[in-house]
2 protein chains.
Amino acid sequence: MKLTSKGRYAVMALADLARFDNINPVSLRDISLRQGISLDYLEQIFSKLRKKEIVQSVRGIQGGYILNKKAKEIKLNNIFDAVDEKVKTVKCKKESKKGCNGKLTKCLTHNLWDELENHINNFFNEKSLEDLVKDNSEKRI
Amino acid sequence: MKLTSKGRYAVMALADLARFDNINPVSLRDISLRQGISLDYLEQIFSKLRKKEIVQSVRGIQGGYILNKKAKEIKLNNIFDAVDEKVKTVKCKKESKKGCNGKLTKCLTHNLWDELENHINNFFNEKSLEDLVKDNSEKRI
DNA sequence: ATAAACCTGAGTAAAATAGTCAAGTATCAT
DNA sequence: ATGATACTTGACTATTTTACTCAGGTTTAT
């Protein structure tokens, strides 16, 4: 059970963006340097974030990205969604009518995985970007 | 963020074992047939479960496996541990003295991943095999 | 004009996953 | 005794996923 880099990077980059987001856009180059994430990879990630309208891009020199909503309104779930970081606990999900594995009953552990998924999703639904930034400025080492 | 088959299979197989565990051991062949898991793969998994003393093996004809503790005392965490299904949210964990990425500060999102890990682990610590079997016999389709 | 920065898609090496395969050994029913 | 059942172990491998890199753009402030 592990989180992938893409998901982590997306959150890290957006947290960075939220911190340095004033009037001016923040360039991926700056984020890349501050967070130690490859520029090329960041571009892939931000392309997805832009398509899901989490950030806005500003082209040209002095360009970069700005948040498209208030940090408070951006939940971690939105971010993970955007970069296809899904919470997958089990495969037997789609066959709604039948049970799992083509059998008539649900697999023994089906309800468990559903519960777990909800548990994790609730966590991500509650946390916003703002929480992250706030939390961090308070507990700074 | 996904659970691997090994972890899922381990839980499924043990749930099956807990259900059919009377006096007689349950053979992997039966579990394989009932749960649709490859016999060879099950053998790998049970080898690990045995080493961690979650199950006991009985050799020979009419042999199989039995639980080594009561179903109530086997928590999902024990199972995942045994098959090396770890909850990993972040890489920057070991460098306790320094921050992450070799920098002096913790990465912006460090506390978040810690929180998430605890959140998930708490869930697994509370659930026992017994819960699974009980839950299932009640909510059967 | 030109350099900074965004934008896009393809390609790819390494790691993890999800198994299979082969060759045993122990035990019980008969 | 012996054959069948079932556990035991370790090596091997195909597939998939991940985590990028690379190569070429386009846009726009100065």
Side-chain angles (χ1 to χ4, degrees), chain A residues 1-13 17 20 23-66 68 80 83-91, chain B residues 1-13 17 20 23-66 68 80 83-91:
Chain A
M1 177 130 238
K2 74 169 210 262
L3 206 63
T4 64
S5 286
K6 190 174 275 182
R8 278 192 293 114
Y9 287 170
V11 176
M12 285 170 68
L17 184 52
F20 291 91
I23 309 141
N24 303 321
V26 179
S27 76
L28 292 190
R29 196 171 149 282
D30 286 352
I31 296 179
S32 166
L33 290 173
R34 277 196 295 260
Q35 303 299 327
I37 304 169
S38 135
L39 179 59
D40 280 316
Y41 205 20
L42 272 181
E43 279 172 351
Q44 277 185 38
I45 292 169
F46 272 77
S47 162
K48 294 185 177 200
L49 293 174
R50 192 173 59 85
K51 276 172 192 155
K52 289 297 175 73
E53 300 181 322
I54 290 170
V55 294
Q56 267 189 342
S57 67
V58 179
R59 289 189 131 192
I61 217 166
Q62 297 288 1
Y65 286 91
I66 54 175
N68 203 23
F80 284 131
V83 297
D84 304 313
E85 173 88 8
K86 305 230 177 73
V87 176
K88 273 186 185 175
T89 53
V90 75
K91 284 172 188 161
Chain B
M1 177 132 240
K2 74 168 211 259
L3 207 62
T4 64
S5 286
K6 192 175 274 183
R8 277 191 293 117
Y9 287 171
V11 175
M12 284 169 70
L17 184 53
F20 292 91
I23 308 139
N24 304 320
V26 179
S27 75
L28 291 190
R29 196 172 150 281
D30 286 352
I31 297 181
S32 165
L33 289 174
R34 277 196 294 260
Q35 303 299 327
I37 304 170
S38 135
L39 180 57
D40 281 314
Y41 204 20
L42 271 181
E43 280 168 354
Q44 277 185 39
I45 291 168
F46 272 77
S47 163
K48 294 185 176 199
L49 292 174
R50 193 176 58 87
K51 277 173 190 154
K52 289 296 176 74
E53 300 181 324
I54 291 171
V55 294
Q56 269 188 342
S57 66
V58 179
R59 290 189 128 192
I61 217 166
Q62 297 287 3
Y65 287 91
I66 53 174
N68 202 25
F80 284 131
V83 297
D84 304 312
E85 172 90 5
K86 305 228 177 73
V87 177
K88 271 185 187 175
T89 52
V90 77
K91 283 171 188 162

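Scope of the values below: all heavy atoms of this structure, side chains included, with no hydrogens, waters or symmetry mates.
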*Is there a side-chain polar atom (N or O) of A:Y9 under 4.0 Å from OP1 or OP2 of D:dT18?*
no

*asked:* For a 4.5 angstrom cut-off between non-hydrogen side-chain atoms, does A:N24 reach A:Q62?
replied: no

_CG-CD1 distance between A:L17 and A:I66, expressed to the nearest 0.5 angstrom_ = 8.5 Å

*Heavy-atom side-chain proximity of A:F20 to A:R34 below 4.5 angstrom*: yes

*Would you mind reading off the distance between A:K86 atom NZ and D:dT18 atom P, rounded to a whole angstrom?*
11 Å

*Nearest nucleotide by nearest heavy atom, which residue falls closer to the 5' end of DNA chain D, A:T4 or B:G63?*
B:G63

*Is the closest side-chain heavy-atom distance between B:L3 and B:F80 below 4.5 Å?*
yes

*Could you please name the option among C:dT20, C:dC6, D:dC7 that lies closest to any side-chain atom of A:E43?*
C:dC6

*Which of the following nucleotides, D:dA19, C:dG19, D:dT8, is nearest to the side chain of A:S5?*
D:dA19

*Rounding to a whole Å, what distance do you find between A:R29:CZ and C:dC7:P?*
17 Å

Give every pair of a protein N or O atom and an N or O atom of nucleotides 11-16 of chain D that lie under 3.5 Å apart, one pair per line with the distance.
none

_Interatomic distance, A:Y41 OH vs C:dG9 C1' [rounded to whole Å]_ = 15 Å

Let me check something: any side-chain donor-acceptor pairs from residues 42-59 of chain A under 3.5 Å, sequence neighbours excluded? List them with distances.
from  : atom 1 : to    : atom 2 : distance (Å)
A:K48 : NZ     : A:D84 : OD2    : 2.9
A:Q56 : NE2    : A:N68 : OD1    : 3.4

*Could you give the CD-to-P distance, from A:Q62 to C:dA4, as a whole number of Å?*
11 Å

*Could you tell me the separation between the NZ atom of A:K88 and the P atom of C:dT17, rounded to a whole number of Å?*
14 Å

*Compute whether any side-chain donor of one residue and acceptor of the other, for B:R29 and B:S32, lie under 3.5 angstrom apart.*
no

*For B:L39 and D:dT9, give me the distance from atom CG to atom P, rounded to whole Å.*
15 Å

_Would you say A:S27 places a side-chain N or O within less than 4.0 Å of OP1 or OP2 belonging to C:dC6?_
no

*Within the structure, does a side-chain N or O atom of A:Y65 lie under 4.0 Å from either OP1 or OP2 of C:dC7?*
yes

_Counting only heavy atoms and a strict 4.0 angstrom limit, can you tell me which residues of residues 51-60 of chain B come near DNA chain C?_
B:R59, B:G60

_N or O in side chain of A:R50 less than 4.0 angstrom from C:dT8 OP1/OP2_ = yes

*Checking all strands, does B:F46 fall into the base, sugar-phosphate, or nothing category for heavy-atom contacts under 4.0 angstrom?*
nothing

*So, does B:E85 use its side chain to make a donor-acceptor pair with the main chain of B:K6 at under 3.5 Å?*
no

_DNA chain D: 5'-proximal contact among B:K2 and B:I61 (nearest heavy atom)_ = B:I61

*Could you state the interatomic distance from NZ (A:K2) to OG1 (B:T89), rounded to the nearest 0.5 Å?*
12.5 Å

*Specify the separation, in whole Å, of atom CG of A:D30 and atom P of C:dC6.*
9 Å

*Could you state the atom-to-atom distance from CG of A:D84 to C1' of D:dA19 in whole Å?*
14 Å

_From A:Q35 atom CD to A:D30 atom CG, the distance as rounded to the nearest 0.5 Å_ = 11.0 Å

